[in-house]
Trainee: 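Have a look at the structure that comes next, please.
What you see below is based on every heavy atom in this structure, not just the backbone, and it leaves out hydrogens, waters and symmetry mates. Whatever order the structure lists ligands and atoms in, that order sets their numbers, starting from 1. This is a predicted model, so every value here is computed, not measured.
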Amino acid sequence: MSNQEVTPLVPREGWHVMHLFYHVDHAQWALFSDEEKRQAKTRLTELVQEIRATPDTHLLIFSIATPKADLGFMLLTPDLQVANTYEKQLSLSLGPEILSPTYSYLSQTERSEYTTSPEQYAAETLIAEKGLTKGTPEFEKALAEFNDRMDHYLKHRLYPVLPDWPAICFYPMSKRRSGSDNWYSLSYEARRELMAGHAKVGRTYSGRILQLITGSTGLDEYEWGVTLLAKDTLDIKAIVYEMRFDEVSARYAEFGDFYIGMQLPLDILFRRLCL
Ligand code: 76R
């Protein structure tokens, strides 16, 4: 059945996101003739081109550091039917026994519950902090700038286009729900205040870390997938370390496994993976 015949599963807003990790079976690969190896790599290359030519669809490809996995993909696309189709095809692209999944994660891009609203920005920053008066040209200009910035930011959160920065870090995380450390029994105001502290730390990494937080409550084991892109692995280590001291992480965060990869063009990736 082709995708035209099934009902699309497109969220009301945002995209589906899959993180896919595989091992390469080199024993099976060694049984291929040179011609079969060439054909297999061509199949994967053509599939990658097809995926990347699909509207609103992005595919990041990376080699994984350490033998936790060999190869990773991050696929972003609106329709879960399409994501599922591509995911199955990627698994089989090098031949039925070459790639075996070692870990995977399903999430969706989402807007943040804690993003500052224009009303909050006006009251807390423009009036209380900067002493501006509502209705003055200065106030209106600052508010318009804020709205522009937020529109741009929301667009990035829901429909991200990720840069080709070499280092990629992925890990899933949840907010704790135990005893007196239950994030979900805090009031909205308390959570918003804590998240403001978190964001303040995060903003100091602007230009060095590009983060994408995707929601997975009800979709996968943890509540969020954290994807960090960097040009220097030291920045990844530093931000994760620094955030451990921030109350949101120190008290309320639980983490899954960490994966570190390097984004590479396919020809270099094939050589890296000894294919
Ligand atoms: O409105 C916004 O999106 C900006 C403020 C912001 C929110 C709401 C923000 C900023 N984050 C938000 C939400 Mn974040 N973030 C993480 C991790 O390892 C750890 O300890 C935690 C993993 C990192 C490294 C990180 C980085 N953030 C979230 C959420 C959802 C929480 C919820 O809804 O309850 C999670 C799980 C999470 C986790 N965060 C930033 C960063 C960085 C670098 C920023 C600044 C971004 C910028 O301003 O450019």
Trainee: Report yes or no: does Arg43 contribute a side-chain atom to a donor-acceptor pair with the main-chain N or O of Ser93 at less than 3.5 Å?
Mentor: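 The answer is yes, because a donor-acceptor pair under 3.5 Å joins these two groups.
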Trainee: Taking Phe245's backbone N and O only, do any of them form a donor-acceptor pair with Ser249's side chain (distance below 3.5 Å, no angle check)?
Mentor: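 The answer is no, because no donor-acceptor pair under 3.5 Å joins these two groups.
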Trainee: In terms of atom number and element, which parts of ligand 1 are under 4.0 angstrom from non-hydrogen atoms of Trp183?
Mentor: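 Those atoms are 34 (O).
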Trainee: N/O to N/O below 3.5 Å, does that happen between Thr115 and ligand 1?
Mentor: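 Yes; at least one N/O pair falls below 3.5 Å.
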Trainee: Do any nitrogen or oxygen atoms of Arg157 come within less than 3.5 Å of a nitrogen or oxygen of ligand 1?
Mentor: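 Yes; the residue has a nitrogen or oxygen that sits under 3.5 Å from a nitrogen or oxygen of the ligand.
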Trainee: Under 4.0 Å from a heavy atom of Phe255: give me the atoms of ligand 1 that qualify, with their elements.
Mentor: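 Selected atoms, number and element: 18 (O), 19 (C), 20 (O).
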Trainee: If you round to the nearest 0.5 Å, how far is CD of Gln49 from CG of Leu59?
Mentor: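 CD of Gln49 is found 11.5 Å from CG of Leu59.
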Trainee: Side-chain donor-acceptor pair under 3.5 Å between Glu97 and Trp29, yes or no?
Mentor: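 Per modelled atom types, Glu97 and Trp29 side chains form no pair under 3.5 Å.
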Trainee: Hey, does Tyr205 sit under 4.0 Å from ligand 1 if you only count heavy atoms?
Mentor: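 False for this residue.
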Trainee: If we count only non-hydrogen protein atoms and require a distance under 4.0 Å, does atom 11 (N) of ligand 1 qualify as touching the protein?
Mentor: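 Answer yes: something from the protein, a heavy atom, is under 4.0 Å.
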Trainee: If I apply the N/O under 3.5 Å rule, does Tyr153 come out as touching ligand 1?
Mentor: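 For ligand 1, there is an N or O atom that lies under 3.5 Å from one belonging to Tyr153.
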Trainee: Looking only at non-hydrogen atoms, which of Glu110, Arg111, Lys175 approaches atom 31 (C) of ligand 1 most closely?
Mentor: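 Comparing heavy atoms across Glu110, Arg111, Lys175, the nearest one to atom 31 (C) of ligand 1 lies in Lys175.
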Trainee: Are any side-chain N or O atoms of Thr77 and backbone N or O atoms of Ala83, one a donor and one an acceptor, separated by less than 3.5 Å?
Mentor: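 Here the side-chain-to-backbone pair does not exist.
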Trainee: If you measure from atom 20 (O) of ligand 1 to every heavy atom of Ser249, Gly225, Gly207, which option wins on shortest distance?
Mentor: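 Ranked by closest heavy atom to atom 20 (O) of ligand 1, first place is Ser249.
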Trainee: If you round to the nearest 0.5 Å, how far is NZ of Lys175 from CZ of Arg251?
Mentor: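 It is 13.0 Å, given to the nearest 0.5 Å.
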Trainee: May I ask you to check whether Asn84 and Gln81 show a side-chain donor-acceptor distance below 3.5 Å?
Mentor: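 No.
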Trainee: Show which atoms of ligand 1 fall inside a sub-4.0 Å distance from at least one heavy-atom site of Ile239.
Mentor: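 This gives 43 (C) as the contact atoms.
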Trainee: Considering only protein heavy atoms, which is closest to atom 23 (C) of ligand 1, and at what distance to one decimal place?
Mentor: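 Checking every protein heavy atom, the shortest distance to atom 23 (C) of ligand 1 gives Met243 SD, 3.4 Å.
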Trainee: Examine Leu264 and Ile61 and state if one hydrophobic cluster contains both, with Ile, Leu, Val, Met, Phe, Trp and Tyr joined whenever side-chain heavy atoms are less than 4.5 Å apart.
Mentor: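 Yes; tracing contacts between hydrophobic side chains, which count when under 4.5 Å, links both residues.
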Trainee: For residues 202-221, which residue pairs qualify under ring pair (Phe, Tyr, Trp, His ring centres under 6.0 Å), counting only residues two or more places apart or in two chains?
Mentor: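 Sorted result for residues 202-221: empty, none.
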Trainee: Going by heavy atoms in the side chains, are Leu60 and Phe73 under 4.5 Å from each other?
Mentor: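 No, their side chains stay 4.5 Å or more apart.
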Trainee: Give the residue and atom name of whichever protein heavy atom lies nearest to atom 32 (C) of ligand 1, and the separation in Å to one decimal.
Mentor: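 Its nearest protein heavy-atom neighbour is Trp224 CZ2, 3.2 Å.
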Trainee: Return the closest protein heavy atom for atom 21 (C) of ligand 1 as residue, atom name and distance.
Mentor: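 In this structure, atom 21 (C) of ligand 1 has Met173 SD, 3.5 Å as its nearest protein heavy atom.
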Trainee: Test of understanding: clusters of I, L, V, M, F, W, Y form through side-chain heavy atoms closer than 4.5 Å, transitively. Do Trp15 and Met18 belong to the same one?
Mentor: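 Cluster IDs for Trp15 and Met18 differ.
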Trainee: According to the interplanar angle, ranging from 0 to 90°, do the rings of Phe170 and Tyr259 count as parallel (below 30°), tilted (30 to 60°) or perpendicular (above 60°)?
Mentor: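 Judged by the thresholds at 30° and 60°, the geometry between Phe170 and Tyr259 is tilted.
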Trainee: Could you list the atoms of ligand 1 found under 4.0 angstrom from a heavy atom of Arg203?
Mentor: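 Atoms satisfying the 4.0 Å criterion: 45 (C), 47 (C), 48 (O).
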Trainee: May I ask you to decide if the ring planes of Tyr105 and Tyr222 are parallel, tilted or perpendicular, using 30° and 60° as cut-offs?
Mentor: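 Because their plane-to-plane angle lies in the 30° to 60° range, the rings of Tyr105 and Tyr222 count as tilted.
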Trainee: May I ask you to identify the nearest protein heavy atom to atom 22 (C) of ligand 1, giving residue, atom name and distance to one decimal place in Å?
Mentor: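 Minimum-distance protein heavy atom for atom 22 (C) of ligand 1 reads Tyr171 OH, 3.1 Å.
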Trainee: Is the count of non-hydrogen atoms from other residues, nucleotides or ligands lying under 6.0 Å from Glu36 atom CD greater than 12?
Mentor: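 Count over threshold, so yes.
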Trainee: Which of the protein's N, O or S atoms come within less than 2.8 Å of atom 14 (Mn) of ligand 1, not counting waters?
Mentor: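 Protein N/O/S atoms under 2.8 Å of atom 14 (Mn) of ligand 1: His198 NE2.
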Trainee: Can you pull out the closest protein heavy atom to atom 8 (C) of ligand 1? Residue, atom name and distance to 0.1 Å, please.
Mentor: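 I find the closest protein heavy atom is Ser112 OG, 3.0 Å.
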